[in-house]
Structures are given as structure tokens and as C-alpha cells.
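Scroll down for the structure; my scribbles are underneath it.
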Amino acid sequence: MLNYLICRRFRCKAQLTDQKDYKMNIFTLFRDVVVEALNNLSKTGALPSDLEYKNLTVEPPRDASHGDLATNAAMVLAKQARQNPRAVAEMLAPQLEKHADIESVDVAGPGFINMRVAASFWQQQVSTILSSGTDYGASDMGGNEKINVEYVSVNPTGPLHVGHVRGAVFGDALSNLLIKAGFDVTREYVINDAGGQIDVLARSAYLRYCEAHGRDVGEIPEGLYPGDYLVPVGVTLKEKYGDQWLDADESVWLEQIRLDATAAMMELIRADLKTLGVVQDVYFSELSLHKDGRIQDAIADLRSKGHIYEGVLEPPKGQKTDDWEPREQTLFRATAFGDDVDRALQKSNGDYTYFAADIAYHYDKYKRGFHSMIDVWGADHGGYVKRMQSAVKALADDGNLDVKICQLVRLFRDGEPFKMSKRAGNFITLRDVVEEVGRDVTRFIMLTRKNDAPLDFDFKKVTEQSKDNPVFYVQYAHARICSVLKNRTPEAFPDMKTDDSTLASVALDGLTDESEISLIKQCCAFPRIIEAAAEAHEPHRIAFYLYDLASEFHSLWNKGNDNKGLRFIVDDNAAITQARLAMIRSVGLVISSGLAILGVKPVEEMR
RNA sequence: GGUCCCGUAGCUCAGUUGGAUAGAGCACCAGAUUCCUAAUCUGGGGGCCGGUGGUUCGAAUCCACCCGGGAUCACCA
């Protein structure tokens, strides 16, 4: 939240002065340089004046030996300029070489222009990082656009189990990432408090209510929720309502207990989420949609646009059709928007389907100003994606729904898979996971895989302190940095100031070793990684980046073992020491800033 | 049968949205320490990127059709 406020304030300031001041992504910076050079060529008539730069990129070359920056400018523009790509490149190269921060330029392959950036530029970036602090990497890419991220949204019928952890962490980290990239994010949970499962919950709670009054309820019947977590709910109901419902008909108590039990379950779920560090901004009640007619509104809106009709669906193909009965229903013309079949909005008893409520829910989000929405769902909802996206398209031309499917987490203990079974009562709750492996480790590991790939979670391995555990690898790098600054520096240089603002203004021209420059370059990749990850809605990229950055740091650390001249602290040279402290501190800042996106606290020591 | 996701080193996975000679970690082999930690680093071998066509200057990436694995499939939520 604090981070968010800083972001916003910073952005305002940037807009008042010069937009470009804000750009931390050096590739964007140098793209401007390339475009400027091209404009100059257009002015002299060497190139046409109406060039389209849309596909022009400045990127790090795949192979670092090619240089620091590569642009495809010549290849992209060759056709427009009716010239051969190499010729355009040869023309552009000398222009780029004039720039103060560009040391050398060469043309390679089919027309790539590779540029090498001067050491002084990289050194200066250390100071930029230090003065930006943990705000380094923040971007204005999002332009403060409102975006809604809906995640978890588990039925409020019990505590969260391990299967919900991944979606919770993913949604939360994605939200952090989008905030960092300049979006105005709302985190949301939709409470499915209207469906038949809430009746089941209420009946289950009623049994516990009877139990609290001393009745022997025996075995919880099949079809009701057997969990102990409903016992205290029964007690609370007893305290609140006395014995008035004992032996009473369901019609008397059902509605009230639905409300009370749902509220109790949501309290439980929110407490569970909090142990993971997940707190959402909006908890949205599905029931409220039913109550105040917003489902009818949404359907009426679709009807007015001609997307609703009464009709009979074809029986599903290739599936057993024993109990299939054709019946006329209210249908949404999903096929007009890319879905495979049209979808029912009303059940045969006249109730709205869950899909109808979901349409109304997304309609509501849109009307609240969220033209961009992201839903995070479990793997079992994959078949639901098309129809929901069809509905959003039908509701609004400029509405955009991205659905992120989180694949299953496979559980292991020391290499042995183990199964969960609700019947056997050995299912693992979210709380079990957090208690056993810790919040930070859980969060990080959940983000070490792309969301749409399955993830193996081994209770033993994830807490192991070794290099095959990425959490510790990254944390270890951060701890080493803190350790040098806090413990070793005062021994060697008792009077040296090492606060960020001092380090931000020290002379950095002593940072000339190839591996030092390389480490700084890695730090400078951070803003670009953020933008790309935010664009793709893929927070796992941050975790992989941090691993790479840590690797680069550990490598440099060990170079100091072979070559004492490369250690961070050089006993007889305060100037180089301070420059290197500035460098490693900036690495530390990037690591903690990246970890903050993942929702993980950096550690300062690992004893 | 339809739809969606996946297929990259022996294993687990990245791959900067179409870029140059495809990368890490584990495992295997050979070495190195201690600025606050070997919880780390350095080097080595290992690949028809599931297959075949297509799109173009250029494909692991986009398109089509196959092959293999998983999820899902009318009134549940």
C-alpha cells in the first residue's frame, strides 16, 4: 500500500516535469535515441518522412557478446524505405555512434544493429537505483488504468486447503506486479453465497447447533459437510438464537443460518488468507446480485443487444446421453463470440444459473470502471473460460477479461507423492502448509513455475537450505549483502558512511571490472522485466529474474576469493570500497524490491 | 467425440511475445573456500525444441494437420 502511494506521487511529479525522467527502463530510453536518429535521417532526406516505428524494438541481444543493446530498426524499416536492411543499418550506425553513452556500434547478420554502452553509463545506474530505493523498477506503463484482479473466490463452506494456495499467491503477486507497473489495481474475492452449496452448509451448521444443545447427532450424514470447523459455528448459533430452532422446520431457520454460517466461513477464510499475507480490497457477495435485480439487468442489457433467445440446446456430442432431455431455456448466444455452444441462463425451475450470476458479476465490475479484468481460476475451470470471455465481449466492446488458470500442485514429501482424500480426513489445509514451511517459502515456491504448468511441491525439499532451493539461494545473496554492510564494513572502515543517500553520491568510476559491470547490467534489466511480466500477467518471471541476479552476485562474491582485489571491501582503499558497497547495496535493493512483488520478506542474516 | 492446457538435455523447468551458435538447476565428472558462512563458485560432457507441412529476411515461438500426456464437457458452483 505504501509502495502504491509512493508510486502515485512519483508519477504525478513525473508528469508535471518531464515524462522521460520517470523511465527506468534503459531499453525504452535507448529506443528513444534510435528513433531520434531515424528522425534526423528523415530530415536530411536519407529516409522517407512517414516511417512507422511500431515494431521497432531495442532489446538485450540474446548473446551478451554481441553487445548491450540490439535494435531491429533496419529490418523493420527496410521495406518501408524500399532499401536493403543492411544499407539502412549502415546509414543509421554512425548516427547512433555520436551519442555520448554509446561506445560502439556495429551491424551484424541480416541487419541487426548492436550497441555497446559506455561503462560510465552503467556506473551511473548504481546511483539511479540507490536514489530510487525500493521504487526502482516502478513503471508508468499502466497509465493508472483501473484493473480488477479476482482470485481465490472459494465457496464459503470451509477452510482453505492446499489446493487453493497457488491461486491465492498467484493473484496476490500479480496484483503487486501490476501496481508496480503503474496500474490502479483492485483485489477482489467473489463470495458464492447464493448457490445450493450454501443450503448444505446451513444444514450442516444446523446439526452442529443441535449438537451444541446436547443432542446426539451421530455420524454426519452423507452429503453434508462433516468438518469440525462447524462445531464452533453451532455453539455461536446456540448462543445467538437459543433453542428456538430445535425441532423446527427448515423453512424457519434456513435463511438465517445461511447468512450466519456464510459469514463465519468467510471469517475463517480471511484469517487463512492472512496467514499467507493475502488481503483483498473487495469481498463481493453474489447473493447481492440476486437480491437487487442486477442479474435481470445484465440479462436485459444482453437481450437489448440481441444476444439472448429462447431455445433448445443440442445434446452434448460424444457423451452418454441417457438422461438428456431437450427443453426450452433462456440462452446466451455465446457462439457469436467464439464459444462452442450457446449457454443456459436459467434452470428448469426458473432459477438463474451460476453463469447468469457470473455475467451479472462481470457486468457489475465493468460498470464499476474496470474495463480490464483478470480472473484467476483453478485447472478444473478451464472449460469455463470461453463462455465467460464471450459474455464480457457481448457486454462491452472495450471490456477485456483475461483468465489465468493455475494448474494443480502435486504434493510430495521427500520425493514420495501423497494423496489427499476428504473421506479419509487427511486433507491438508492452507494453514498446515504455512505452519510447516512458512509464508515466505510457500509464496516463493508457488511462483517458481508458470501458472499454466503443474507444480511439484515437496514439503521436505522446499525447506531445505541448499542451492536447489531457489528461495534460499536468493535470500542468501541478500543476507550476504546486508552482512558486508552491517558487520564487515564497520570493522574495516569505522567512520565510513553507508546509508543510501551517501552511497548514491559516491564516485563510481572505480567499478570497471567486467564482472562488476555485468552485475550492474543485470540490475538494470529489472524495470524491463517488470514491464514484460506485467504485460504478460506472469509474476513467475520475477522469481526467475531474482534467481539470475542472485547467481550473478554469488559469482562475483566468489571471484573475490580467487582475487582479493575484487573483494567488496579493500582495506587500504576507501574509495573503491565505497563504490563497491554502493553497487552491492543496489543489488540488495533490487532483490528486496523484487521479493516485495512476490510478497516475500528479504532476510538480513541466515544463521 | 468437442474444447482448453502441456510436449525443450537422463530428471525438473526457463526461453525477453518472431531474432543471431536454444539456456539454467538437479544428476554425473574434475577443481576452488571462508569480505559473514561450501547454504557459494569455476570448468566439462549431454538436444531432429513431439512429427510433417505452411507463413517470411528469420520459427522452440505464429498457422494447419497428425502423435503422445493432462483437465474439462447440458439445469453443480
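Quick note: numbers below take in every heavy atom, side chains included, and nothing from hydrogens, waters or symmetry partners. Keep in mind that this is a model prediction, so the values were computed, not measured. By convention in this document, chain letters (A, B, ...) are assigned in the order of the sequence lines, proteins followed by strands, and residues within each chain are numbered from 1.
- Of the C1' atoms belonging to B:U55 and B:C11, the separation is 36 Å, rounded to the nearest Å.
- The shortest distance between the side-chain N/O atoms of A:Lys404 and the OP1/OP2 oxygens of B:C5 is not below 4.0 Å.
- Residues A:Lys486 and A:Glu604 are paired through a salt bridge, judged by an N-O separation under 4.0 Å between the basic side chain and the carboxylate.
- Counting non-hydrogen atoms under 4.0 angstrom, A:Ala536 reaches a base of the nucleic acid.
- Atom pair A:Lys461:NZ and B:C26:C1' shows a separation of 8 Å (rounding to whole Å applied).
- Side-chain atoms of A:Asp380 stay outside donor-acceptor range of the base of B:U72, with no qualifying N/O pair under 3.5 Å.
- Taking only distance into account, the side chain of A:Asp452 never meets the base of B:C6 through a donor-acceptor pair shorter than 3.5 Å.
- Counting non-hydrogen atoms under 4.0 angstrom, A:Arg567 reaches a base of the nucleic acid.
- OP1 or OP2 of B:C13 lies within a sub-4.0 Å distance of a side-chain N or O belonging to A:Arg449.
- Heavy atoms of A:Asp562 sit under 4.0 angstrom from primed sugar atoms or phosphate atoms, though from no base atom.
- Set against B:C57, B:U40, B:U17, the side chain of A:Met75 has B:C57 as its closest nucleotide.
- Looking at heavy-atom distances under 4.0 Å, A:Ser348 makes contact with a base.
- The only member of A:Leu302, A:Asp339, A:Asp342 that meets side chain to side chain contact (heavy atoms under 4.5 Å, CB included) when paired with A:Phe332 is A:Leu302.
- Atom CG in A:Asn561 sits about 7 Å away from atom C1' in B:U34, given to the nearest Å.
- Taking 4.0 Å as the cut-off between side-chain N and carboxylate O, A:Lys601 and A:Asp440 do not count as a salt-bridged pair.
- When the side-chain nitrogen and oxygen atoms of A:Arg541 are compared with OP1 and OP2 of B:A14, none of them lie within a distance under 4.0 Å.
- Proximity of A:Tyr476 to the phosphate of B:A38: a side-chain N or O atom is located under 4.0 Å from OP1 or OP2.
- Aromatic pair A:Phe553/A:His478: centroids not less than 6.0 angstrom apart.
- As a whole-Å value, the separation of A:Asn25 CG from B:U16 C1' is 11 Å.
- Counting any heavy atom pair closer than 4.0 Å across all strands shown, A:Asp342 reaches no nucleic acid atom.
- Here B:A77 presents its C1' atom at 14 Å from CG of A:Leu289, a figure rounded to the nearest Å.
- Looking at A:Asp193, its side chain has no donor and acceptor atom pair within 3.5 Å of the base of B:A77.
- Atom C1' of nucleotide B:A71 and atom CZ of A:Arg410 are separated by 13 Å, given to the nearest angstrom.
- Evaluation of A:Phe112 against the base of B:A20 yields a stacking contact (centre distance < 5.5 Å, interplanar angle < 30°).
- No close placement of the A:Tyr547 and A:Tyr545 rings is indicated, their centers lying 6.0 Å or farther apart.
- Checking B:C36, B:A77, B:A24 against every side-chain atom of A:Tyr547, the shortest atom distance belongs to B:A24.
- In this structure B:U17 sits in the syn conformation; its chi angle is within 90° of 0.
- For B:G15, the OP1/OP2 oxygens have a side-chain nitrogen or oxygen of A:His540 closer than 4.0 Å.
- Residue contacts shown for A:Ala70 include a base, since a base heavy atom lies under 4.0 Å away.
- The nearest whole Å value for the distance from the CG atom in A:Leu408 to the C1' atom in B:G69 is 14 Å.
- Taking the ring centroids of A:Phe284 and A:Tyr361, they lie under the 6.0 Å cut-off.
- As judged by a 4.0 angstrom heavy-atom cut-off over every strand, A:Lys450 is placed among residues touching the sugar-phosphate backbone only.
- Here A:Gly195 lies in heavy-atom contact (under 4.0 Å) with sugar-phosphate atoms only.
- Between B:U37 and A:Trp557, a contact under 4.0 Å exists linking OP1 or OP2 to a side-chain N or O.
- Within the 4.0 angstrom heavy-atom criterion, no nucleotide atom of any strand lies near A:Lys559.
- Between A:Tyr189 and A:Ile269, some side-chain heavy-atom pair lies under the 4.5 Å cut-off.
- Atoms OH (A:Tyr225) and C1' (B:C76) sit 10 Å apart, rounded to a whole Å.
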List every contact pair, protein side and nucleotides 60-64 of chain B side both N or O, where the distance is under 3.5 Å.
from, atom 1, to, atom 2, distance (Å)
B:A60, N6, A:Arg62, NH2, 2.8

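- Applying the 4.0 Å criterion to OP1 and OP2 of B:U37, one finds that A:Ser483 has every side-chain N and O outside that range.
- Residues A:Tyr476 and A:His554 bring their aromatic ring centres within 6.0 Å.
- A:Pro60 comes within contact range of at least one nucleobase, with a heavy-atom separation under 4.0 Å.
- For B:C57 and B:G50, the P atoms lie 25 Å apart once the distance is rounded to whole Å.
- When the P atom is used for both B:G19 and B:C36, the distance is 45 Å, rounded to whole Å.
- Nucleic acid contact class of A:Ala379 (heavy atoms, under 4.0 Å, all strands): sugar-phosphate only.
- Between A:Tyr473 and B:C41, a side-chain N or O to OP1/OP2 separation shorter than 4.0 Å is present.
- A distance of about 33 Å separates the C1' atoms of B:U3 and B:A9, rounded to the whole Å.
- Because its NZ or CZ atom is both nearer than 6.0 Å to the ring centre of A:Phe459 and within 45° of the ring axis, A:Arg413 counts as a cation-pi partner of that residue.
- OP1 or OP2 of B:A38 has at least one side-chain nitrogen or oxygen of A:Arg480 nearer than 4.0 Å.
- The C1' atoms of B:A30 and B:A22 are separated by 26 Å, rounded to the nearest whole Å.
- Taking a pair to require two hydrogen-bonding distances under 3.5 Å in either a Watson-Crick or a G-U wobble arrangement, B:G25 pairs with B:C11.
- At whole-Å resolution of the value, CG in A:Leu455 and C1' in B:A14 are 14 Å apart.
- In summary, the side chains of A:Thr157 and A:Asn155 do not present any donor paired with an acceptor at a separation below 3.5 Å, with no hydrogens or angles considered.
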